[in-house]
Amino acid sequence: MHEYSLFLSLLKTIEDELKPFNNPRVSRAVLLIGEFSGIDLDYLKEVIKNFKVGTPLEDAEIIFEKDPLRVICFSCGKEGEPQEKRAQCPFCGSFEVKIIGGLDLILKTLEIEDEESPSD
Ligand SMILES: [Zn+2]
């Protein structure tokens, strides 16, 4: 249930974001899914669909975007996206790289409407 625990930590992040508002409603959430994260996107969508009722995501439009694998190379110092999905420098071929992106589920954007503010 890796995807379920990801969903729970996502909810925690969202709840923290909502704290400053009086009566917030999440209208849209954009999630970045790391290509190297091992997340099963179909399964994650299913988890969200089944468990979002009663959470701030219940009525939100949820957008999933891919977050490509990115590495920084210790040999040539460049930063890039490997063509093949493995931790290897796309410029010099070195495996002496640090993964700097594409490993996680990230909340990229959260659009919040505060229902106490005037609306149309
Ligand atoms: Zn390199």
Side-chain angles (χ1 to χ4, degrees):
M1 292 291 277
H2 181 54
E3 281 73 9
Y4 182 63
S5 59
L6 286 171
F7 174 63
L8 290 183
S9 65
L10 176 68
L11 275 184
K12 176 82 174 57
T13 305
I14 291 173
E15 279 161 8
D16 287 346
E17 295 281 330
L18 297 181
K19 269 179 194 160
F21 297 90
N22 289 319
N23 193 13
R25 195 179 75 81
V26 176
S27 53
R28 194 160 174 266
V30 181
L31 305 179
L32 286 180
I33 313 293
E35 282 188 337
F36 213 59
S37 63
I39 294 170
D40 181 335
L41 182 54
D42 289 335
Y43 186 53
L44 179 67
K45 285 179 177 172
E46 195 69 16
V47 166
I48 292 174
K49 195 177 84 185
N50 291 338
F51 292 98
K52 71 178 182 179
V53 178
T55 77
L57 285 177
E58 182 166 355
D59 298 316
E61 179 191 7
I62 302 170
I63 313 286
F64 298 91
E65 290 180 3
K66 275 193 180 156
D67 189 24
L69 176 65
R70 284 191 307 282
V71 298
I72 186 160
C73 178
F74 293 118
S75 298
C76 70
K78 290 183 184 169
E79 194 181 305
E81 298 176 9
Q83 291 301 306
E84 296 176 42
K85 299 302 166 207
R86 62 184 177 193
Q88 183 180 12
C89 176
F91 303 102
C92 72
S94 171
F95 288 97
E96 298 291 316
V97 297
K98 181 174 186 236
I99 295 175
I100 54 170
L103 276 179
D104 299 305
L105 171 67
I106 297 169
L107 178 65
K108 183 187 176 193
T109 310
L110 195 63
E111 288 178 14
I112 300 164
E113 291 166 16
D114 192 339
E115 286 180 356
E116 289 203 355
S117 46
S119 66
D120 55 276

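Side chains are part of it too, since the values below use all heavy atoms of this structure and drop only hydrogens, waters and symmetry mates.
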Q | Sequence neighbours excluded - side-chain hydrogen bond (donor to acceptor under 3.5 Å, both in side chains) pairs with any residue from residues 50-60 | A | none
Q | Atom pair CZ (Arg28) and CD (Glu61), whose distance is rounded to the nearest 0.5 Å | A | 5.5 Å
(Q) Applying a strict under-4.5 Å side-chain criterion to I, L, V, M, F, W and Y, I'd like to know whether Ile100 and Val97 cluster together. (A) no
Q | side chain to side chain contact (heavy atoms under 4.5 Å, CB included) between Asp16 and Lys12, intermediate numbers included | A | CA-CA 6 Å; Asp16 287 346; Lys12 176 82 174 57; 3.3 Å; yes
Q | Under 3.5 Å donor-acceptor, Glu79 side chain and Ile72 backbone | A | no
Q. When rounded to the nearest 0.5 angstrom, what distance separates NE2 in His2 from CZ in Phe7?
A. 14.5 Å
Q) What are the two closest non-hydrogen atoms of Arg70 and Pro82, and how far apart are they? A) CA-CD, 4.5 Å
Q | Minimum heavy-atom distance between Gly38 and Glu3, given as atom pair plus value | A | O-OE2, 4.1 Å
Q) Do Tyr4 and Ile106 sit in the same hydrophobic cluster, where Ile, Leu, Val, Met, Phe, Trp and Tyr count as joined when their side-chain heavy atoms come under 4.5 Å apart? A) no
**Q.** Pairwise side-chain hydrogen bond (donor to acceptor under 3.5 Å, both in side chains) hits with a residue in residues 92-104, at least two apart
**A.** Ser75-Ser94
Q: Is it possible for you to say whether Ile39 and Phe64 belong to one hydrophobic cluster, with membership spreading through side-chain heavy-atom contacts below 4.5 Å?
A: yes
Q. Of Leu32, Ile33, Leu31, Leu103, which meets side-chain contact (heavy atoms from CB on, under 4.5 Å) against Asp67?
A. Leu32
**Q.** Closest non-hydrogen atom pair, Pro24 against Ile112
**A.** CB-CG2, 3.7 Å
Q) Apart from Val30 itself, what residues make up its hydrophobic cluster, given side-chain heavy atom links below 4.5 Å? A) Ile63
Q | Smallest separation among heavy atoms of Phe91 and Cys76, with atom names | A | CB-SG, 4.2 Å
Q: Give the intermediate values and the outcome of side chain to side chain contact (heavy atoms under 4.5 Å, CB included) for residues Leu57 and Leu10.
A: CA-CA 10 Å; Leu57 285 177; Leu10 176 68; 4.3 Å; yes
Q | Close side-chain approach of Glu81 to Pro90, heavy-atom, < 4.5 Å | A | no
Q: Kindly work out whether a path of hydrophobic side-chain contacts (I/L/V/M/F/W/Y, heavy atoms less than 4.5 Å apart) joins Ile48 to Leu41.
A: yes
Q: Could you grab the distance from atom OG of Ser5 to atom CG of Leu105, nearest 0.5 Å is fine?
A: 10.0 Å
Q) Do Phe36 and Leu44 share a hydrophobic cluster, counting only Ile, Leu, Val, Met, Phe, Trp and Tyr and linking them when any side-chain heavy atoms are less than 4.5 Å apart? A) no
Q | Exercise: identify the closest heavy-atom pair between Leu69 and Ala87 | A | CD2-N, 4.5 Å
**Q.** Taking every non-hydrogen atom, the tightest pair across Glu35 and Pro68
**A.** OE1-CA, 3.5 Å
